[in-house]
There are 2 protein chains.
Amino acid sequence: MFKKVLVADDLGSINLGVLTIAKTLGLNNVERVEYCDDAYLRIKKGILDKDPYDLLITDLSFKEDHRTQKYPSGEDLIKVLRKEIPNLKIIVYSIEDRLQKVRRLISQYNVNAYVCKGRKGLEELSKAVKEVYEDRVFTSQQVSQALTNKTTLDIDDFDILLLRNLALGKSQEEISLDFKQKKISPCSLSSIEKRLNKLKIQFSANNTIHLVAIGKDIGLI
Amino acid sequence: MFKKVLVADDLGSINLGVLTIAKTLGLNNVERVEYCDDAYLRIKKGILDKDPYDLLITDLSFKEDHRTQKYPSGEDLIKVLRKEIPNLKIIVYSIEDRLQKVRRLISQYNVNAYVCKGRKGLEELSKAVKEVYEDRVFTSQQVSQALTNKTTLDIDDFDILLLRNLALGKSQEEISLDFKQKKISPCSLSSIEKRLNKLKIQFSANNTIHLVAIGKDIGLI
DNA sequence: AACTTCATTACGGGTTTCCGGAATTACCTT
DNA sequence: AAGGTAATTCCGGAAACCCGTAATGAAGTT
């Protein structure tokens, strides 16, 4: 089984549950941190000391407090770790069950498991640890379609950027000018209109407000 | 100290932490449920059996699953309990720290404490139990301004209804017609425009899309 | 080089929204 | 009942958005 495990979660009570499960799995060397920055430092230190962690279990959202963080969210942490230490096993353990977000994490960062916090969360986490140890990918039942279902997969970064800009209150013309300045490929007002139209059809949104609201609901932006 | 306590939370691991804290506080009779409906039934049964609960600690958001619920959220549960059993002490223990939501809960339902799940969550919960036992209201530091700060208090149900309708993709004219049919007081297109303008100024939103996005972010809709 | 294809851009007219001001109505005070 | 204030409604022009079509441009094919 895994020799050295790190758990990153800012809720003390969650950590407590995870540590309990860990014991029953025969994980004897489990440490916990409450900040992503601490997680990063510990993992780097483990490598320097020739005693690296071989599993990270992390939440996605961490509350902000007085400590300013370099990696404020679990996603930031995963991003940098995947780049620097690609062979580290990572299990995400989060309340977040919106498919778009799960899909991004799995496809972009190749996390080894995605477990939803919930009534059966700890059981599933336990299963995930075993599966990941056998080099398989695990996802909770409720988000498993994130891997298979391709319905909204033809939404690219441009679409998200566009929606984010709209949600920030920019007009379509302002966005067009902004894109022109930043040399972002389709930058004409017409193209932006067309893209929005495509998105409205895909999400069956009545208008742009509806579209942005849906985008927020499903965790796209 | 409290004689009979019920904890409602769908995350097993959270419950574990809460139960641990409860013991250190000298609460010997603590039960837990994972669904709001179960909480309601137990509390009602307690009264019938002449052995009522005197404290409820509940989360706000419960995951949906195969079981269809009469009270799907903690807010629904609180609403009905406050109406039927006004003297029951209620502590909300939730990850939710958006002021608007907290404000609604405290002012509308008079919950006795609001504790944010977080790094110090369990400590604060412990403090909250003691305070509530002394008939005082407790709120976590980070949301304490929900009680004092009145900045956005002049937003009424009409505003929220309006924003919700917009987020659902209705045009302003459709909303106007809808309001006319439902006899909702200001229903003219012009009034709707004026109200939106007021909200845009209050939230310093550039346009309606921005306004709806902000509304979603702060938990207003 | 001519052709096809596809993405991007440009344009025009209709609709919705935005933003004043003015008129009307509702409600409260005296 | 008269008067005053605030909310609501009506109106009109400017701006933004919507939507279809046509023009342009950048590939790759033969």
Side-chain angles (χ1 to χ4, degrees), chain A residues 150-217 220-221, chain B residues 150-217 220-221:
Chain A
K150 306 290 181 189
T151 47
T152 50
L153 206 64
D154 45 353
I155 288 169
D156 57 23
D157 292 343
F158 181 85
D159 295 314
I160 293 175
L161 185 63
L162 188 50
L163 292 180
R164 288 216 173 109
N165 272 291
L166 285 174
L168 288 175
K170 292 193 197 168
S171 73
Q172 294 174 201
E173 189 166 6
E174 281 173 325
I175 295 173
S176 166
L177 292 173
D178 188 45
F179 282 7
K180 274 190 183 108
Q181 201 169 4
K182 292 182 183 159
K183 315 278 184 202
I184 296 174
S185 67
C187 60
S188 74
L189 184 58
S190 183
S191 290
I192 288 173
E193 289 173 354
K194 281 210 188 335
R195 195 63 80 105
L196 284 176
N197 211 38
K198 187 202 73 177
L199 290 171
K200 280 179 216 163
I201 293 168
Q202 277 186 29
F203 289 110
S204 40
N206 297 337
N207 53 44
T208 312
I209 296 177
H210 197 188
L211 181 63
V212 171
I214 292 172
K216 281 222 171 270
D217 282 340
L220 198 61
I221 51 179
Chain B
K150 308 288 181 187
T151 47
T152 50
L153 206 64
D154 46 352
I155 288 169
D156 57 22
D157 292 343
F158 181 84
D159 295 315
I160 293 175
L161 185 64
L162 188 51
L163 292 181
R164 286 218 175 107
N165 272 292
L166 285 174
L168 288 174
K170 291 192 196 166
S171 74
Q172 296 178 16
E173 190 166 6
E174 282 173 326
I175 295 173
S176 166
L177 294 173
D178 188 43
F179 282 7
K180 273 188 185 111
Q181 201 169 4
K182 291 181 183 159
K183 315 276 186 205
I184 296 174
S185 68
C187 60
S188 76
L189 183 58
S190 182
S191 290
I192 288 173
E193 289 172 355
K194 283 210 185 337
R195 195 63 80 104
L196 283 176
N197 211 38
K198 187 203 75 176
L199 290 171
K200 279 179 215 161
I201 292 168
Q202 277 187 30
F203 290 109
S204 41
N206 297 337
N207 53 44
T208 312
I209 297 177
H210 196 188
L211 182 62
V212 171
I214 291 172
K216 282 222 172 271
D217 282 340
L220 198 62
I221 50 179

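Throughout, a chain's letter reflects where its sequence line sits, starting with A, and its residues are numbered from 1.
Taking atom NE2 of H210(B) as the reference point, atom C1' of dC17(D) lies 18 Å away to the nearest angstrom. Straight-line distance from the CD atom of E173(A) to the P atom of dA10(C): 12 Å, rounded to whole Å. With rounding to whole Å, I209(A) atom CD1 is found 7 Å from dC18(C) atom P. Across the protein-nucleic acid pair, R195(A) atom CZ and dC6(C) atom P stand 16 Å apart, rounded to whole Å. Regarding N197(B), its CG atom lies at a distance of 16 Å from the P atom of dA15(D), rounded to whole Å. Rounded to whole Å, atom C1' of dA16(D) lies 13 Å from atom CD1 of I192(A). Following rounding to the nearest Å, K194(A) (NZ) and dC18(D) (C1') show an atom-to-atom distance of 11 Å. Rounded to whole Å, the distance from CG on N206(B) to C1' on dC19(C) is 16 Å.
A side-chain contact (heavy atoms from CB on, under 4.5 Å) with L166(B) holds for exactly one of I192(B), L161(B), L196(B); it is L196(B). The residue from K180(A), K182(A), Q181(A) that alone fulfils the side chain to side chain donor-acceptor pair (under 3.5 Å) condition with D178(A) is K182(A).
The residue N207(B) sits apart from the nucleic acid: no heavy atom pair falls under 4.0 Å. K180(A) comes within contact range of no nucleotide atom at all, as no heavy-atom separation falls under 4.0 Å. The residue S171(B) sits close only to the backbone: its heavy atoms come under 4.0 Å of sugar-phosphate atoms, none of a base. Note on Q172(A): only backbone sugar-phosphate atoms sit closer than 4.0 angstrom, heavy atoms only; bases stay farther off.
Minimum atom distance to the side chain of K200(B) is reached by dC18(C), of the listed dC19(D), dC18(C), dC10(D). Distance from the side chain of C187(B) is smallest to dT9(D) among dT9(D), dT17(C), dA16(D). When the nucleotides dT9(C), dC18(C), dC18(D) are ranked by their closest atom to the side chain of E193(A), dC18(D) comes out on top. Comparing dT9(D), dA10(C), dT16(C) by their nearest atom to the side chain of S190(B) picks out dT9(D). Side-chain atoms of S191(B) lie closest to dT8(D) of the nucleotides dC19(D), dT8(C), dT8(D). Nearest nucleotide to the S185(B) side chain, out of dT8(C), dC18(D), dT8(D): dT8(D).
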Can you list the steps and then say if F203(A) with D217(A) is a side-chain contact (heavy atoms from CB on, under 4.5 Å)?
CA-CA 12 Å; F203(A) 289 110; D217(A) 282 340; over 6 Å; no

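The nearest pair of heavy atoms linking L189(B) to S176(B) is N-OG, 3.5 Å.
No more than 12 heavy atoms of other residues, nucleotides or ligands sit less than 6.0 Å from atom CD of E173(A).
Applying the 4.0 Å criterion to OP1 and OP2 of dC18(D), one finds that T208(A) has a side-chain N or O inside that range.
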